[in-house]
There are 2 protein chains.
Amino acid sequence: MKPRRGALPYCVGVLREQLSSPTPVSLAAFLNGHVRSCDVLVQVVAECEVEYAGRALSTADAGCYVVMVKCDGSLQIHGARGVKPVNWQPRTDDVSAFVEEGRCVLVASRRSPEEVVKVTFHDVHLALALELEEAGFTLSGSEKDMQEALARSPHVIEQGLTVLDRELLVGVGGIDLYALDRDGRLVVVELKRARAGHEAVHQLARYVAAVRLQVPHREVRGILAAPSVTAPAREALTRQGLEFVEVTALAKSEPAAMQGALF
Amino acid sequence: MKPRRGALPYCVGVLREQLSSPTPVSLAAFLNGHVRSCDVLVQVVAECEVEYAGRALSTADAGCYVVMVKCDGSLQIHGARGVKPVNWQPRTDDVSAFVEEGRCVLVASRRSPEEVVKVTFHDVHLALALELEEAGFTLSGSEKDMQEALARSPHVIEQGLTVLDRELLVGVGGIDLYALDRDGRLVVVELKRARAGHEAVHQLARYVAAVRLQVPHREVRGILAAPSVTAPAREALTRQGLEFVEVTALAKSEPAAMQGALF
DNA sequence: TGATAGATTTCGAAC
DNA sequence: GTTCGAAGTCTATCA
């Protein structure tokens, strides 16, 4: 790595390069040099304005933001508040910087959908190139985990339930759990990892209708399995002759143990 | 601002404070001193591991991440790829740092839902406190804009249409546009800024049913207005005696002009 | 490539 | 606080 104007002496290891108050030319060179480099995350803290054109149009007035370009070409511009960036681009086909009218401009574009984010830098306070490491990540408690757990222990939903299939496709969309109750009736189970609203009821109703259409001679039950339901959703269930069963998303011991470990 | 161990000389303006390779004690002091300060965004680049317990459970193995805490208490931990952080917490009730077994630990928690994110710092490369500025932001092309435009020019949907109401509440949810056609029939219009799927059809059907219930003696039409529909959604519309009208989300001239301005 | 559904969705508005 | 729906949602999966 050759040192640049404004580069600091401790640019080793994770911190590949740091520029303090770079000129537009050196910022553009810095950006073009590091963007999309393997495992390098580029960050610029600057007064800048941001324009977006694509599925919608937006303008962020000149203000101080943190601009982040990751090695996969994703771009995000963070303001003072919120997890969500002010502007972003999850995938880009091209990210490049240039100097225009004495200012460094970063343009990130993608086709399909055709979109552009343009960042015009005014005062640049800091530019960093960081070399991050990928590390293992595990998540549990998704709907998929819940489905696997209930497929192993269907009695949690109802005594005598036998699972016939998971992710059974009926027309469009898939039935989370397709089962047989103790009386030989078909059971369509729709799972929700969190409180269920009427969309969940609608989904369940669609699947039940699809099964009834395919198997007209059999009785078909519909069960919404979730940790809780909203009141209107429960009414909708009752109205349509569907059922609700309370199931907790995570094994009860797990979160408690985790909470204990954290405090 | 009093200078800390490792603080750099150019800590003025936007860059409130910068620490290079701080000790666990100084990092904890730094975090507790800056977190939730007005307009201050705190960032730490470090080898760390992250645990999350709440709606789900997750663990990120020790690796190099960018940890960001904004002044509203939101937390996000970014890895090398993607706009989405590895871990995050959109709202927190408490963010605090302390030293545990010789390591700085950051804990961000919230009640309702009860959630905790714990970051254990190993090697800390950089810690920044940045003072960001809020600036104006405008977005156009949202469904709300579309609704306003169509309320002004309902003939775009159909000749002779008269808008009676917008966001009319019927039971749960609101009718985007409630209108009267040239023959005096009531018209429920559901808008979508992007391609509409069967959820949009379901929404429309619910609203139409609600209006028919409230006004049993009147004929009620249902129109889905969107730039396009999926094939299954179109079938569902036909099946339920509902209609589709193609409306483009943005005025055709706008995006083209914007694109031109950007390149 | 298109369609569907999940997501620790986030975010904001209405009640 | 609850409920609901939009979002520039994003992302993975499957036909």
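Below, chain A is the first sequence line, B the second, and so on; all start at residue 1.
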Notebook entry, point to check: Between the base of D/dG8 and the side chain of A/Glu115, is there a donor-acceptor distance below 3.5 Å?
Noted result: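 Per atom types, the contact qualifies.
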Heavy atoms under 4.0 Å, any strand shown: does [X] hit a base, just sugar-phosphate, or nothing?
X	answer
B/Gln76	nothing
B/Pro113	nothing
A/Ala194	nothing
B/Glu190	sugar-phosphate
B/Arg206	sugar-phosphate
A/Ala233	nothing

Check: When rounded to the nearest Å, what value does the distance between C1' atoms of C/dA7 and D/dA6 take?
Finding: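 15 Å, rounded to whole Å.
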Item checked: Distance between P atoms of D/dG5 and C/dT8 (Å, rounded) ->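 Here D/dG5 and C/dT8 have their P atoms 22 Å from each other.
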Item checked: Heavy-atom side-chain contact between B/Arg36 and B/Val95 under 4.5 Å ->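 Yes, their side chains come closer than 4.5 Å.
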Checklist line | Residue closer to the 5' end of DNA chain D, A/Leu169 versus B/Tyr207 (nearest nucleotide) | finding: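 So the residue in question is B/Tyr207.
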Check: Relative to the 5' end of DNA chain D, which residue comes earlier, A/Arg91 or A/Asn87, by the nucleotide with the nearest heavy atom?
Finding: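 On the 5' side of the pair lies A/Asn87.
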Taking 4.0 Å as the cut-off, does a side-chain nitrogen or oxygen of [X] come that near to OP1 or OP2 on [N]?
X	N	answer
A/Lys192	C/dG6	yes
A/Lys84	C/dT9	no
A/Trp88	D/dT9	no
A/Ser142	C/dT8	no

Just compare [options] and give me whichever is closest to any side-chain atom of [X].
X	options	value
A/Gln89	D/dG8, C/dC11, C/dA14	D/dG8
A/His198	D/dG8, D/dC4, C/dT8	D/dC4
A/Arg195	D/dT2, C/dG6, C/dT10	D/dT2
A/Leu139	C/dT8, D/dG8, D/dC4	C/dT8
A/Tyr52	D/dG8, C/dA3, C/dT10	D/dG8
A/Arg55	D/dT9, D/dA7, D/dT3	D/dT9
A/Pro90	D/dT11, D/dA6, D/dC4	D/dT11

Check: Which word best sums up how the rings of B/His78 and A/His78 line up, parallel for under 30°, tilted for 30 to 60°, or perpendicular for over 60°?
Finding: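 Geometry flag for A/His78 against B/His78: perpendicular rings.
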Note to self: What is the separation between atom CD on B/Gln147 and atom P on C/dG12, rounded to the nearest whole Å?
What the structure shows: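 Distance check: B/Gln147 CD to C/dG12 P gives 19 Å.
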Check: Between C/dT9 atom P and A/Lys144 atom NZ, what is the distance in whole Å?
Finding: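 Spelled out: NZ on A/Lys144 to P on C/dT9 is 17 Å.
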Next item on the list: Return the 5'-most residue of the pair A/Gln203, B/Arg110 with respect to DNA chain C, ranking by each residue's nearest nucleotide.
Entry: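 Taking each residue's closest nucleotide, the earlier one in sequence belongs to A/Gln203.
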Next item on the list: Using heavy atoms to find the nearest nucleotide of DNA chain C for B/Gly197 and B/Pro85 separately, return the residue whose nucleotide is more 5′.
Entry: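 Its nearest nucleotide being more 5', the pick is B/Gly197.
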Ion pair present between [X] and [Y], side-chain N to carboxylate O less than 4.0 angstrom?
X	Y	answer
A/Asp39	B/Arg81	yes
A/Glu49	A/Lys118	no
B/Glu114	B/Arg110	no

Checklist line | B/Ser109 and B/Asp93: side chain donor to acceptor below 3.5 Å | finding: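 Checked: B/Ser109/B/Asp93 side chains show no N/O donor-acceptor pair below 3.5 Å.
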